[in-house]
Amino acid sequence: MLLRRHVLVAAAAGLAAPATLRAQGAWRPDRPVTIIVPWAAGGSTDQMARLVAAELEAPLGQRVVVVNQPGASGSIGTRNALEAPKDGMTWAAGAAVDVGCYKVLGLLDTQLSDWNLFFAVANVNVLVANPQSGFRDFAQAFEALKTRGQSIGVATAGVSSAGHNMMEALRAATPGLQYRHATYDGGNPAMIATVSGETQLGAMLLVEAAEMIRARRLIPLAVQSDDPVTLAAQGSSPAIEIPSVRRWVPNMPAPLNYFGIWAAKGVPENVVATMTEIWRTTIANSQRLKDYATSRAALFTPLYGQQAYDEAWKMVRQTAWLYFDGGKARVSPDTVGIARL
């Protein structure tokens with residue numbers, strides 16, 4: 001896979017029980033912990049969150065329950081996590097860029113610095129076509145979007161979703177390009193809509209479309225990445241190389257899109273310390289997450305703390321101003337501390 005020449009990983013220790021959990025004052029939840037996925041089941045956030053939840057149960061000594069609460073581009077579930085008691089028992093999951101841009105979009109009064117961030121993977125966006133659409137490659141779809149884009153439906157997981165961000169970046173980099181935005185309550189519903197022919201095109205995360213691409217139910221047109229991406233061979237499906245959109249649109253940005261879980265600032269310090277130690281040990285050594293990333297053409301990125309914030313901020317800055325320049329923002333990013341690049 002050629003997403004980036006560098007893969008960001010956190011420092012990993014051994015597989016023994018985290019020292020923080022053995023220390024006096026370590027966080028030991030006395031009931032099940034909840035991770036709110038603010039999108040529909042089956043999508044990229046849901047997939048990642050369920051793998052992370054399974055890895056957290058042993059070191060925490062407690063069940064970790066994933067609850068789907070989709071709606072309003074992920075802001076409803078995220079709001080519920082933000083307003084939950086700050087005791088470490090409720091976490092949100094998703095893409096860090098969403099949390100960083102909700103305030104700009106007027107969806108939720110929060111920003112990236114309000115959260116304790118713990119990332120698992122970084123995903124890449126892909127534009128796919130229904131096999132009956134007539135689009136066999138990106139060049140054909142690109143020309144159609146430039147000449148009759150308002151008549152071409154593009155399914156995404158909703159406003160501010162990864163797929164929507166990809167289409168807005170493509171539109172900003174291509175004067176005259178238009179598309180008809182068809183919004184759904186998550187990447188999985190958007191993928192299903194494209195497979196069924198409700199829309200000709202779909203813009204979503206590659207992890208969401210991977211299996212239907214392998215099954216030839218979707219045609220991969222281009223990825224939003226610096227380089228082409230290879231979807232690994234699986235079973236009878238051979239490896240599939242998907243070209244970079246930069247082959248046609250060299251100036252289109254392609255920052256990494258980080259996914260993970262987070263709890264609002266204000267939770268007890270021992271909660272953050274305990275989760276940090278689990279991330280350094282259990283998550284950084286998770287074979288399940290590594291295999292998931294490899295099979296779905298994602299990057300395994302077990303980042304946390306300041307490093308997670310610094311890396312996510314790159315996409316937040318680019319996306320916030322993309323929304324503003326495209327007329328989608330409710331407030332100017334610079335009024336909420338997001339300076340133009």
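What's counted below: heavy atoms across the whole structure, side chains too, no hydrogens, waters or symmetry copies. Bear in mind the structure is a predicted one, so any value in this text is a computation, not a measurement. When a residue number appears, it is its place in the shown sequence, counting from 1.
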*Please confirm whether Trp279 and Phe118 have ring centers closer than 6.0 angstrom.*
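Between Phe118 and Trp279, which both carry aromatic rings, the centre distance is below 6.0 Å.
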
*Pairs touching residues 203-217 that satisfy side chain to side chain donor-acceptor pair (under 3.5 Å), sequence neighbours left out*: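 Every pair satisfying side chain to side chain donor-acceptor pair (under 3.5 Å) with a residue in residues 203-217: Ser44-Glu208, Glu211-Arg214.
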
Please determine whether residues [X] and [Y] belong to a single hydrophobic cluster, defined as Ile, Leu, Val, Met, Phe, Trp and Tyr linked transitively by side-chain heavy-atom distances below 4.5 Å.
X: Tyr184; Y: Ile152; answer: no
X: Leu60; Y: Ile36; answer: no
X: Val336; Y: Leu322; answer: no
X: Val33; Y: Met48; answer: yes
X: Val223; Y: Leu218; answer: yes

Using modelled atom types only, decide if a donor and an acceptor are shared between the side chain of [X] and the backbone of [Y] within a distance under 3.5 Å.
X: Tyr102; Y: Ser73; result: yes
X: Asn257; Y: Ala122; result: no
X: Tyr179; Y: Arg171; result: no
X: Trp27; Y: Glu269; result: no
X: Trp321; Y: Ile338; result: yes
X: Arg63; Y: Arg31; result: no
X: Asp114; Y: Gln111; result: yes
X: Ser244; Y: Arg246; result: yes
X: Thr230; Y: Ala232; result: no
X: Gln224; Y: Pro253; result: yes

_With side-chain contact (heavy atoms from CB on, under 4.5 Å) as the test, pick out the partner of Val37 among Val67, Ile261, Thr45._
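When side-chain contact (heavy atoms from CB on, under 4.5 Å) is applied between Val37 and each of Val67, Ile261, Thr45, only Thr45 qualifies.
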
What pair of heavy atoms forms the shortest contact from [X] to [Y], and how long is it?
X: Ala53; Y: Ile35; value: CB-CD1, 4.2 Å
X: Thr183; Y: Val159; value: CG2-N, 4.3 Å
X: Leu170; Y: Met252; value: N-CE, 3.7 Å
X: Gly42; Y: Gln47; value: O-NE2, 3.0 Å
X: Ser133; Y: Asn130; value: OG-O, 2.7 Å
X: Trp39; Y: Gly186; value: CE3-CA, 4.0 Å

*Neighbour count >12 (heavy atoms, 6.0 Å) for atom CG, Asp334*: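 Yes.
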
*asked:* Does atom CD (Gln132) have a neighbourhood of more than 12 heavy atoms from anything else shown, all under 6.0 Å?
replied: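 Counting neighbours around CD of Gln132, 12 or fewer heavy atoms of other residues, nucleotides or ligands fall under 6.0 Å, so no.
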
Please examine the side chains of [Y] and [X], heavy atoms only from C-beta on, and report whether any two atoms are closer than 4.5 Å.
X: Asp227; Y: Val229; value: no
X: Leu221; Y: Leu201; value: yes
X: Ile213; Y: Leu206; value: yes
X: Asn80; Y: Thr90; value: no
X: Glu168; Y: Lys328; value: yes
X: Tyr258; Y: Leu117; value: no
X: Arg136; Y: Ile219; value: yes
X: Trp115; Y: Thr110; value: yes

Rounded to the nearest 0.5 Å, what separates atom [atom1] in [X] from atom [atom2] in [Y]?
X: Leu231; Y: Glu241; atom1: CG; atom2: CD; value: 11.5 Å
X: Glu55; Y: Thr282; atom1: CD; atom2: OG1; value: 7.5 Å
X: Gln140; Y: Leu145; atom1: CD; atom2: CG; value: 12.0 Å
X: Leu256; Y: Glu311; atom1: CG; atom2: CD; value: 7.5 Å
X: Leu56; Y: Leu51; atom1: CG; atom2: CG; value: 11.0 Å
X: Lys103; Y: Leu112; atom1: NZ; atom2: CG; value: 12.5 Å

*List the steps, then state whether side-chain contact (heavy atoms from CB on, under 4.5 Å) holds for Met204 with Thr194.*
CA-CA 10 Å; Met204 61 205 66; Thr194 312; 4.0 Å; yes

*In sequence, state the C-alpha distance, the side-chain angles, and the governing distance for Phe142 and Leu127, and then conclude on side-chain contact (heavy atoms from CB on, under 4.5 Å).*
CA-CA 11 Å; Phe142 191 41; Leu127 183 67; over 6 Å; no

*asked:* Assess the residue pair Tyr323 and Asn165 against the criterion (side-chain contact (heavy atoms from CB on, under 4.5 Å)); give the C-alpha distance rounded to whole Å, side-chain angles, the decisive distance to 0.1 Å, and a yes or no.
replied: CA-CA 8 Å; Tyr323 289 146; Asn165 294 345; 2.2 Å; yes

*For Tyr304 and Asn116, test the side chains for any donor-to-acceptor distance below 3.5 angstrom and give the result as yes or no.*
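No, Asn116 and Tyr304 have no side-chain donor paired with an acceptor closer than 3.5 Å.
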
_Pair Arg247-Phe138, side-chain contact (heavy atoms from CB on, under 4.5 Å): steps then yes or no_ = CA-CA 10 Å; Arg247 174 176 164 187; Phe138 182 82; over 6 Å; no

*For the residue pair Tyr309 and Trp313, does the interplanar ring angle fall in the parallel (under 30°), tilted (30 to 60°) or perpendicular (over 60°) class?*
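Parallel, since the angle between the ring planes stays under 30°.
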
*asked:* Going by side-chain hydrogen bond (donor to acceptor under 3.5 Å, both in side chains), Asp310 matches just one of Gln306, Gln307, Lys314. Which one?
replied: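 It is Gln306; the other options fail the test.
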
